[in-house]
Structures are given as C-alpha cells and as structure tokens.
Chemist: 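Dropping the structure in here first, questions after.
Just so it is clear: chains get the letters A, B, ... in the order the sequence lines come, proteins before strands, and each one is counted from 1.
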Amino acid sequence: MAKAYWLLKSEPDVFSIHDLEAAPNQTTDWGGVRNYQARNFIRDQMKPGDHVLFYHSNAEPSGVAGVAEISSAAYPDSTALDATDPYFDPKSRLEQPTWFAIDVRWVQTFAEIVSLEQLKADPALVGMEVLRRGSRLSVQMVSKLHFDRVLKMANARRKNR
DNA sequence: GCCAACGTTGGC
DNA sequence: GCCAACGTTGGC
C-alpha cells in the first residue's frame, strides 16, 4: 500500500526536531494526543514508513523544521493509563484504550525552518490544512504533492545560499 | 499579552 | 439534544 503523508505539530520549547534527532535511536513515542480526530488518524491510518513533516508551533519562526517517519504501529498511550502522568485519562483502560501513541523516527533536519510565512506565500500549497485559519489539529494529513513541495522548498533554500 | 477558533463539558 | 461557558491552541 502507498505510504501516507502527515504533519505533526510540536512546540520546540517542549520537544523539537533537534530533540528527536538526539533521542535514543532517534525515535520517540508520540503520545499525549487528546483529540479524537487526531486519535483516529493515529489509531486507524498511520502505518510504519509513512512520511512526516515535523512542524514547530508557537515558535520563532513557526514552520516545518524537518522530516520524520512513522516507525511503529499504533499502541495504547501509556501516559493515559498512568495516574501520575499529567496526560492521565481515567476513562482510558488498558483493555479498551481511548488514546493511542505511535513511534516517530527522525529522518532529516532542515538547514533552515520552512516558515509558516513561506508556506502561506506559495501558491502550490493552497488548501494545506496547517495554513487554514484556526487550524489547531496536532496531527494532520498532508497530500504527497504538498509534502514534496515543502521538501523542495527546504532544499531550494540551501542551494541558493 | 491578546484574541480568534475550536473542542469539550455540563446544565437544562 | 441544545448551547453557553470554559479551557486550550497557536498565530500575531
């Protein structure tokens, strides 16, 4: 089956693309997602090998910071099951978990952030979810066209320097 | 720090 | 089932 393309948001003050690159096995468990639409993406649609745009939100500048890939199937989010965890959700049970996590592995850190401003300015990216006003979903589906375009923007900037 | 845009909660 | 209140996200 064809690989799918995603955008994952993270606040770099909390967890950045550099943190992912420096993590053991350059991999982290992507947990703590508490939105049903995002949960459904994680649980039902993400597959190992799927491509990920790693997006820095609440950042200076905000934008796509690099590329990662999904490296596991979905599994119950342990942070929801641990009563001492800030993401604990008493409604979630191990036998019937409400929330799911997935492993994300680092692939590439862009030489420079492809900023939200640049993304907005590119006519080829019209319709991209992250550019929608009020778009708050932390897990978003991205078209292959848009994914490739962002990669191209990141590489073009490098060559032009 | 402001505030628009949401998603969730809870009273009814 | 409606919807106002509230909390959160995230750009600016």
Side-chain angles (χ1 to χ4, degrees), chain A residues 4-23 28-46 50-70 74-104 106-143 145-147 149-154 156-157:
Chain A
Y5 298 82
W6 306 96
L7 180 146
L8 292 179
K9 285 187 195 169
S10 185
E11 301 196 21
D13 291 349
V14 179
F15 191 84
S16 72
I17 187 86
H18 307 287
D19 295 326
L20 182 60
E21 186 172 359
T28 194
D29 51 328
W30 206 265
V33 174
R34 297 291 180 270
N35 169 286
Y36 285 101
Q37 196 181 344
R39 186 281 309 272
N40 292 345
F41 282 150
I42 292 173
R43 185 189 60 184
D44 306 333
Q45 294 193 245
M46 281 186 169
D50 281 1
H51 306 282
V52 173
L53 294 177
F54 197 104
Y55 182 88
H56 283 178
S57 62
N58 261 325
E60 197 50 56
S62 292
V64 179
V67 177
E69 66 180 3
I70 304 301
Y75 50 87
D77 183 348
S78 59
T79 66
L81 306 168
D82 175 0
T84 68
D85 194 286
Y87 290 105
F88 176 62
D89 179 357
K91 295 190 297 295
S92 189
R93 301 285 160 72
L94 184 57
E95 317 85 66
Q96 197 166 5
T98 308
W99 305 114
F100 289 79
I102 206 153
D103 287 351
V104 174
W106 176 86
V107 173
Q108 179 192 357
T109 300
F110 292 160
E112 280 180 64
I113 303 272
V114 178
S115 70
L116 181 58
E117 188 184 1
Q118 290 175 267
L119 297 173
K120 281 180 176 169
D122 190 339
L125 295 179
V126 166
M128 196 175 176
E129 166 69 15
V130 76
L131 304 182
R132 222 192 76 241
R133 182 176 168 76
S135 166
R136 300 193 312 171
L137 198 58
S138 66
V139 178
Q140 303 181 359
M141 201 178 286
V142 175
S143 74
L145 233 57
H146 287 169
F147 185 94
R149 179 69 183 176
V150 172
L151 246 63
K152 203 171 169 185
M153 290 168 80
R157 304 194 81 225

Chemist: Could you give the CG-to-P distance, from L131(A) to dC12(C), as a whole number of Å?
Modeler: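 Those two atoms, CG and P, are 10 Å apart.
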Chemist: Would you say the rings of Y36(A) and W99(A) are close, in the sense that their centroids are separated by under 6.0 Å?
Modeler: yes
Chemist: One thing to verify: whether D122(A) and R149(A) come together as a salt bridge, which I'm taking to mean a side-chain N less than 4.0 angstrom from a carboxylate O.
Modeler: yes
Chemist: Distances for protein N/O vs nucleotides 4-9 of chain C N/O pairs under 3.5 angstrom?
Modeler:
| residue | atom | partner | partner atom | Å |
| --- | --- | --- | --- | --- |
| dT8(C) | O2 | R136(A) | NH1 | 2.4 |

Chemist: Determine, for D77(A) against R39(A), whether the closest basic-nitrogen to carboxylate-oxygen distance falls under 4.0 angstrom.
Modeler: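 No, this pair does not count.
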Chemist: What verdict does the side chain to side chain contact (heavy atoms under 4.5 Å, CB included) test give for L7(A) and F147(A), after you've listed the backbone C-alpha separation in whole Å, the side-chain angles of each residue and the deciding distance to 0.1 Å?
Modeler: CA-CA 9 Å; L7(A) 180 146; F147(A) 185 94; over 6 Å; no
Chemist: Measure from CD1 on I113(A) to P on dG11(C) and round the result to the nearest Å.
Modeler: 12 Å
Chemist: Residues of residues 30-42 of chain A with any non-hydrogen atom less than 4.0 angstrom from an atom of DNA chain C: list those, numerically ordered, please.
Modeler: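 Nucleic-acid contacts, sorted: none.
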Chemist: State whether the number of non-hydrogen atoms from other residues, nucleotides or ligands found under 6.0 Å of F15(A) atom CZ is greater than 12.
Modeler: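 Check passes, neighbour count above 12.
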Chemist: Can you tell me if E69(A) uses its side chain to pair, donor with acceptor, with the backbone of V107(A) under 3.5 Å?
Modeler: no
Chemist: Taking H146(A) for the side chain and E129(A) for the main chain, is one N or O donor matched with an acceptor at less than 3.5 Å?
Modeler: no
Chemist: Are the charged groups of E117(A) and K120(A) less than 4.0 angstrom apart, N to O?
Modeler: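 No, this pair does not count.
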